[in-house]
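Order of the sequence lines fixes the chain letters, A, B, ..., with proteins taken first and strands second; residue numbering starts at 1 for each chain. No hydrogens, no waters, no symmetry mates; every other heavy atom, side chains included, goes into these values.
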Amino acid sequence: MPAIRLPDGSIRQFDAPVTGAALAAQVGPGLARAAVAMTLSGRLVDLATVIERDADVRFVTRDDPEALPLIRHDAAHVLAEAVQSLYPGTQVTIGPAIENGFYYDFAREPPFAPTDFPPIEAKMREIVAAKEPFTCEVWEREKAIEFFLAKGETYKAEILRDLPESETITLYRQGSWVDLCRGPHMRTTGDVGTAFKLMRTAGAYWRGDHRNKMLSRIYGTAWRNQKELDSYLAMLAEAERRDHRRLGREMDLFHLQDEAVGSVFWHPLGWRLYRTVESYLRRALDADGYQEVRTPQLVDRSLWEASGHWEKFGAHMFTAQVEDEHRTLALKPMNCPCHVQIFNQRVRSYRELPLRLAEFGSCHRYEPSGALHGIMRVRAFTQDDAHIFCTEDQIGAETVRFMALLSTVYRDLGFPEFAVKFADRPDMRAGSDETWDRAEAALREACAEAGVAYALNPGEGAFYGPKLEFVLKDAIGREWQCGTLQVDFVLPERLDAEYVAEDGRRRRPVMLHRAILGSFERFLGILIEQYAGRLPLWLAPLQVVVATIVSDADAYAAKVGRACEAAGLHVEVDTRNEKINAKVRDWSLRHVPVMLVAGRREAEAGTVAMRRLGAPEQEVLTISEAVARLAAEATPPDLRSKAAQEVACA
RNA sequence: GCCGACGUAGCUCAGCGGUAGAGCAACUGAUUCGUAAUCAGUAGGUCCUCGGUUCAAAUCCGAGCGUCGGCACCA
């Protein structure tokens, strides 16, 4: 007979098995009203679950953060019921809770459009108001298949057929509507509440496979209360203002146009930002034992065939024919094979390892049209690429070293936090299973040595080796792989790289492919969004605007501008015949971090009124004080300690 | 590539069969002003492209291109 321990440590003894709901009622009427689910020895289950034996039980109320996935999953069921009652003949497939909401994939021709949302949402609210109880039923597989087939639900039948033998098959009923579902659910559809909203439609392949039929997906968002929903929607609106495509235009950084799809036109200010990051990174690589190289843009197809890229990615490579030579050249889609060519130019000794070859390599890939996204997914981009040729037992030390470098760079550029994923062998791959076992084990051990915690990303490795992915998020929380570290035993073999070992025998080196930013284009897009355009002074391409209040101060403002320039600051002098209000507004909209205002008073006193972007207050300083302060702040982080030392010595 | 939405002035958008519109930006003039929009005037458009329907197309239809949101892809 169950003895049930509650979170406060108290133990309740029962003579017979008891449901969670009954237990809650016994604990107190308030809890019975608030509880929507419970954890039974750590597992989240329905309140209706019968507790048969001794267990730890904790109730989840609707206000708990843990209730959010339940609200969202229940909302997906309510959506499906609403859709099937309004559009008979629509088949249901799957409908999970996701971050911020839920979706449901339906099979229907024609697919749903946002114009269908008002009636669907209205129906959903009816279903919620009806407070239909969720009840769980255990079915036999064959019966369940028959049941769904009889309803014309072929997708559900297919899911059922593919469920492992061991799986208990459960159906959840809400009112007259039934769905195959693993659960858990809350008590009734009423627990979903009213803080939900259908957001958008999308096409999605059945089982995520492009060879399958495309289903019609409806995305929704759902929250515990209206306040949470409102703040989520406000966050999305705010994120729109941070969009790098919008900021790129507002700050005059870059543009894209139809004649060069997927290629960036960098404007002067954007290119300055690019160069600031590039210079910073080049200093970091120079200091960390890398040797920078430069390799060709156009390379004969035979090299790509040898590396295996032609077979796997040939269709996504830009090629060029040379008329009087019988050759096909490809614009390089990546740099690895070229770096191996440099390695292979002479006999290498083990003494040279690890050999780190770096390149800011300009690459072209014919990306599928639907993949393009602003400057974050483009067809022409520049990787901050490097390949480390080393021995198998140097992998750990190189990983430790790389993690230190990457962490420093990310921190300096404003990303103290980042996610790490471990992507292991994909279905389509080069190299034997034994090779993959070794490569994956080596990378796992290297992670342990470097103290890297990661999430698994199964089957997502490169075709030649497992990889770590360093993931950053954009303004609305979409994840982008930026940095990477890949362990490769395959390409050295295919491209016949070797070195002479201590014992005089020839050996294959291991190749570590690694990038920190990934591509400048993507990283700068994320950087712009991360800072919402308000870049720290050292990164801002236009750092200071000197603005006059009256034209009598024009000559003085020019002098202030020259002082800034002399200190290496990127400055512009605004002597337009506009009110200071208008100038402040104009430059604020362009996210210029500092304004130095010069009116009659400042011109007479030899001072400037310094104003930070977005801050209402000002500080009056002498020219030299203002410039010295700004110049110090505009020093890149890696040069700061050095600059401080020089000051100390002087 | 697939599903859907969208494509009108530099930007944001209105117009949805009958001679292309607004606000902001730009340009010109006046104004010399104290920290997020001074006033007035001027100029600016193969209405994405091609084809079709029609007396007449920005508007209706078709195809293409591009962008956006997803899916798939991402060396």
Side-chain angles (χ1 to χ4, degrees), chain A residues 103 105 109-115 199-219 243 245-246 249-250 252 255-259 261-262 304 307-317 332-337 363 365-374 377 381 383 385 423 426 428 430 460-465 467 469 476 478 480-481 484 486 488 491 513 518-519 522 547-554 575 577-589 595-602 609-618:
Chain A
Y103 68 76
D105 284 347
E109 291 295 336
F112 291 106
T115 48
M199 301 295 281
R200 59 178 59 94
T201 58
Y205 296 106
W206 166 236
R207 298 199 148 165
D209 188 327
H210 68 275
R211 290 163 301 195
N212 290 341
K213 228 189 95 163
M214 185 153 266
L215 304 170
S216 178
R217 176 174 296 180
I218 295 177
Y219 280 100
D243 189 305
R245 293 164 292 198
R246 176 181 174 140
R249 186 178 61 239
E250 290 174 356
D252 196 14
H255 83 270
L256 298 157
Q257 69 182 55
D258 292 359
E259 286 76 6
V261 173
W304 308 111
S307 69
H309 289 97
W310 187 267
E311 191 194 352
K312 186 142 183 3
F313 295 110
H316 298 283
M317 287 164 71
K332 74 172 169 191
M334 25 100 79
N335 311 294
C336 343
C363 297
R365 295 179 186 173
Y366 185 65
E367 301 286 14
S369 55
L372 301 176
H373 180 94
R377 186 80 184 269
F381 55 94
Q383 294 179 325
D385 203 2
M428 297 278 286
E460 295 296 320
F463 75 86
Y464 47 69
K467 63 178 183 178
E469 303 173 333
I476 62 170
R478 286 178 291 214
W480 295 86
Q481 183 199 307
T484 186
Q486 308 168 1
D488 181 4
L491 278 188
H513 306 239
S519 90
R522 174 174 297 180
T548 52
I549 295 172
V550 292
S551 53
D552 286 351
D554 285 2
T575 54
N577 180 7
E578 290 289 349
K579 288 189 163 185
I580 190 63
N581 293 303
K583 295 185 183 183
V584 166
R585 179 179 151 82
D586 287 352
W587 296 110
S588 297
L589 288 174
M595 287 191 74
L596 298 179
V597 175
R600 197 167 279 128
R601 291 204 297 266
E602 288 78 10
M610 182 154 83
R611 183 191 202 279
R612 297 284 177 159
L613 176 59
E617 67 272 14
Q618 316 139 45

Touch check for [X], heavy atoms < 4.0 angstrom, all strands: base, sugar-phosphate only, or nothing?
X	answer
A:Glu469	nothing
A:Ala609	base
A:Phe112	nothing
A:Gln618	base
A:Pro110	nothing
A:Lys332	nothing
A:Pro333	base
A:Ala204	sugar-phosphate
A:Gly262	nothing
A:Gln481	nothing
A:Arg600	base
A:Arg249	sugar-phosphate
A:Leu589	base
A:Gly208	sugar-phosphate

Once you apply the 3.5 Å cut-off to both distances, tell me the Watson-Crick or G-U wobble partner of [N], or none.
N	value
B:rU42	B:rA26
B:rC50	B:rG62
B:rC71	B:rG1
B:rC13	B:rG21
B:rA57	none
B:rA37	none
B:rU32	none

Picking from [options], which would you name as closest to the side chain of [X]?
X	options	result
A:Lys579	B:rA75, B:rC33, B:rC73	B:rC33
A:Asp258	B:rA37, B:rG66, B:rA75	B:rG66
A:Arg377	B:rU35, B:rU38, B:rC73	B:rC73
A:Asn581	B:rC3, B:rU67, B:rA37	B:rA37
A:Tyr205	B:rG1, B:rA75, B:rU38	B:rG1
A:Arg611	B:rA36, B:rU38, B:rA75	B:rA36
A:Met334	B:rG4, B:rA75, B:rG66	B:rA75
A:Pro368	B:rA75, B:rA72, B:rC71	B:rA72
A:Arg478	B:rU32, B:rG69, B:rU38	B:rG69
A:Tyr219	B:rA75, B:rG70, B:rG69	B:rG70

Between the side chain of [X] and the main-chain N/O of [Y], is any donor-acceptor distance below 3.5 Å?
X	Y	result
A:Arg377	A:Gly370	no
A:Arg365	A:Pro333	yes
A:Thr548	A:Ala553	no
A:Glu602	A:Gly599	yes
A:Lys213	A:Trp206	no

Inter-nucleotide [atom1] distance ([N], [M]), Å rounded:
N	M	atom1	value
B:rC61	B:rU53	C1'	7 Å
B:rU8	B:rC50	P	16 Å
B:rG44	B:rA22	P	13 Å
B:rA25	B:rA63	P	42 Å
B:rG15	B:rC60	C1'	16 Å

Between atom [atom1] in [X] and atom [atom2] in [N], what is the gap in whole Å?
X	N	atom1	atom2	answer
A:Ile218	B:rA5	CD1	C1'	15 Å
A:Trp587	B:rU35	CH2	P	20 Å
A:Glu250	B:rA25	CD	P	14 Å
A:Glu311	B:rA75	CD	P	16 Å
A:Leu215	B:rC3	CG	C1'	10 Å
A:His373	B:rC73	NE2	P	18 Å

| said: Check this one for me: any side-chain N or O of A:His316 less than 4.0 Å away from OP1 or OP2 of B:rG1? | reply: no
| If each of A:Arg217 and A:His513 is mapped to the nucleotide of RNA chain B with the nearest heavy atom, which maps nearer the 5' terminus, i.e. the 5' end? |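 The residue closer to the strand's 5' end, by nearest nucleotide, is A:Arg217.
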| Relative to the 5' end of RNA chain B, which residue comes earlier, A:Ala113 or A:Arg200, by the nucleotide with the nearest heavy atom? | A:Ala113
| field | Over 12 non-hydrogen atoms of neighbours within 6.0 angstrom of CD in A:Glu250 | value |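 Buried by this count: over 12 neighbours within 6.0 Å.
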| field | Short N-O contact, A:Arg207 and A:Asp209, less than 4.0 angstrom | value | no
